[in-house]
2 protein chains.
Amino acid sequence: MSDLLERLRERGWRLTAQRRVVAEVLNGDHVHLTADEVHARAADRLPEISRATVYNTLGELVSLGEIIEVSTDGRAKRYDPNAHRPHHHLVCSRCGTIRDVHPGGNPLDDLPAGERFGFTVSDVEVTYRGVCPECAAA
Amino acid sequence: MSDLLERLRERGWRLTAQRRVVAEVLNGDHVHLTADEVHARAADRLPEISRATVYNTLGELVSLGEIIEVSTDGRAKRYDPNAHRPHHHLVCSRCGTIRDVHPGGNPLDDLPAGERFGFTVSDVEVTYRGVCPECAAA
DNA sequence: TCCTACAATGGACTTTGTCCAAGTCAATAT
DNA sequence: ATATTGACTTGGACAAAGTCCATTGTAGGA
């Protein structure tokens, strides 16, 4: 976390109060907040922060490779600070909860050359869907 | 295609001119149109069709399992009539072209029980990303 | 042919996100 | 400690994608 701010400063990132609170909000495992949720939590600490700044900052963090943009539902994009280790997502079809998962095997290997249509394939994104224990109990 | 309309009628679907053109537009392989694109093509044949009707019809076809909703870019959702055979998507990072692919293996098997967090996992969605031959040549 | 329940319409509204001109401030140099 | 300056922030207007609803129209059965 302060590692993150440290890394960013070394990259010449100008450290403002707004950027600091956004970076602080995006801390932890299984964090997948929408831009509006990030804005709400940031505003708890810094009431005058604007939506535009949150969008700008999230965009920069994505460009810098410090967070990952995820869209699991075709609605608001979510931001995942777990950019260090490659992983996939497990989404509850009922409540939308998201967990990071680390499956074995590389799905890229499952795509034979004959199914690549001449593409240079560089990445794969996997979303598992199911029902979480809480929703199953209810 | 007319198979589709036949199936829908058997299910009690009331067949209107609007629904017919929407179903006709969604015909073929590697078709992945946005709602607005479907509306534009439908309007070529039936100028007075409204956007709301296109959205309604697409929603119904999704519920009926006749088409699949895909969101590969966090922007407009796309609609894929290839709902019969399970498949994944190969997306060009530059131009956005989408191809259907049928990889070997079942990615569900790659998710060990220890990574399921108690979820009942029922489905998996895979998006491969890369550069298509046309964009690579340009 | 008539009825009626279901479907279509279009316009208002919501959500999510982008853009911009003007004001503000973090970091450096003095 | 202060001045400077270019990068950062702000708020509001704007745009894209989609939903909602009261009204009007019509498919398919009696």
Side-chain angles (χ1 to χ4, degrees), chain A residues 5-25 32-64 66-80 96, chain B residues 5-25 32-64 66-80 96:
Chain A
L5 294 178
E6 199 54 43
R7 279 200 303 278
L8 294 173
R9 184 156 28 216
E10 280 166 13
R11 295 216 218 174
W13 219 51
R14 190 153 134 191
L15 191 49
T16 66
Q18 291 83 349
R19 288 176 167 185
R20 196 187 330 260
V21 295
V22 169
E24 284 171 0
V25 165
H32 306 91
L33 300 171
T34 65
D36 263 4
E37 288 166 350
V38 172
H39 178 245
R41 298 197 187 190
D44 286 344
R45 294 162 156 266
L46 190 67
E48 68 276 22
I49 192 172
S50 74
R51 289 188 338 117
T53 295
V54 170
Y55 276 104
N56 288 342
T57 304
L58 290 172
E60 287 158 14
L61 289 171
V62 170
S63 296
L64 292 169
E66 295 290 350
I67 64 177
I68 290 172
E69 207 172 60
V70 178
S71 52
T72 49
D73 61 351
R75 302 187 56 82
K77 291 174 189 163
R78 294 181 173 273
Y79 294 89
D80 181 346
Chain B
L5 294 178
E6 201 53 43
R7 277 202 303 278
L8 294 173
R9 183 158 27 217
E10 279 167 15
R11 295 217 218 174
W13 219 50
R14 191 153 130 188
L15 191 49
T16 66
Q18 291 84 350
R19 289 177 167 185
R20 195 187 331 261
V21 294
V22 169
E24 283 169 1
V25 165
H32 305 90
L33 300 171
T34 64
D36 264 4
E37 288 166 350
V38 171
H39 178 245
R41 299 195 186 192
D44 286 345
R45 294 161 156 266
L46 191 67
E48 66 276 21
I49 192 172
S50 74
R51 290 188 337 115
T53 296
V54 171
Y55 277 104
N56 288 342
T57 304
L58 291 172
E60 285 158 16
L61 289 172
V62 170
S63 296
L64 292 168
E66 295 291 348
I67 64 177
I68 291 172
E69 206 172 60
V70 178
S71 52
T72 50
D73 62 350
R75 302 188 56 82
K77 291 173 190 165
R78 294 180 173 274
Y79 294 89
D80 181 346

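- We find the CG-CG distance between B:L8 and B:L15 to be 8.0 Å, quoted to the nearest 0.5 Å.
- The separation between B:H39 atom NE2 and D:dA16 atom P is 16 Å, rounded to whole Å.
- Residues A:R51 and A:V54 fail the side-chain proximity criterion, which asks for heavy atoms closer than 4.5 Å.
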What does the list of N/O pairs under 3.5 Å between the protein and nucleotides 25-27 of chain D look like, with a distance for each?
residue: D:dG25; atom: N2; partner: B:R14; partner atom: NH2; Å: 3.4
residue: D:dT26; atom: O2; partner: B:R14; partner atom: NH2; Å: 2.8
residue: D:dA27; atom: O4'; partner: B:R14; partner atom: NE; Å: 3.3
residue: D:dA27; atom: O3'; partner: B:L15; partner atom: O; Å: 3.3

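- A:N56 has its CG atom 17 Å from the P atom of D:dG12, to the nearest Å.
- Phosphate contact (OP1/OP2 of C:dT9, side-chain N/O of B:T53, threshold under 4.0 Å): present.
- For C:dT24, neither phosphate oxygen OP1 nor OP2 lies less than 4.0 angstrom from any side-chain nitrogen or oxygen of A:Q18.
- Following rounding to the nearest Å, B:L8 (CG) and D:dG28 (C1') show an atom-to-atom distance of 16 Å.
- A salt bridge does not link A:R78 with A:D73: none of the charged nitrogens is closer than 4.0 Å to a carboxylate oxygen.
- Between A:W13 atom CH2 and D:dG6 atom C1' the separation is 17 Å, expressed in whole Å.
- One finds no salt bridge joining B:E10 and B:R7 here, because no Lys/Arg side-chain nitrogen approaches an Asp/Glu carboxylate oxygen to under 4.0 Å.
- Note: CG (A:L58) to P (D:dC8) measures 15 Å, nearest angstrom.
- We find the NE2-CG distance between A:H32 and A:D80 to be 4.0 Å, quoted to the nearest 0.5 Å.
- Contact check for A:I49 versus A:L46: side-chain heavy atoms found under the 4.5 Å cut-off.
- Counting only heavy atoms from C-beta outward, the side chains of A:Y79 and A:T34 never approach each other to under 4.5 Å.
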Between the protein and nucleotides 13-17 of chain C, list every N/O to N/O distance that falls short of 3.5 Å.
residue: C:dG17; atom: OP1; partner: A:K77; partner atom: N; Å: 2.8
residue: C:dG17; atom: OP2; partner: A:Y55; partner atom: OH; Å: 3.2
residue: C:dG17; atom: N7; partner: A:R51; partner atom: NH2; Å: 3.1
residue: C:dG17; atom: O6; partner: A:R51; partner atom: NH2; Å: 3.4

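- Taking atom CZ of residue A:R20 and atom C1' of nucleotide C:dC25, one finds them 13 Å apart after rounding to whole Å.
- Across all non-hydrogen atoms, the minimal contact from A:V25 to A:A42 is CG2-N, 3.8 Å.
- With salt bridges taken as basic N to acidic carboxylate O contacts below 4.0 Å, none links A:E60 and A:R11.
- As a whole-Å value, the separation of B:E37 CD from D:dG18 C1' is 15 Å.
- Atoms CZ (B:R9) and P (C:dC6) sit 18 Å apart, rounded to a whole Å.
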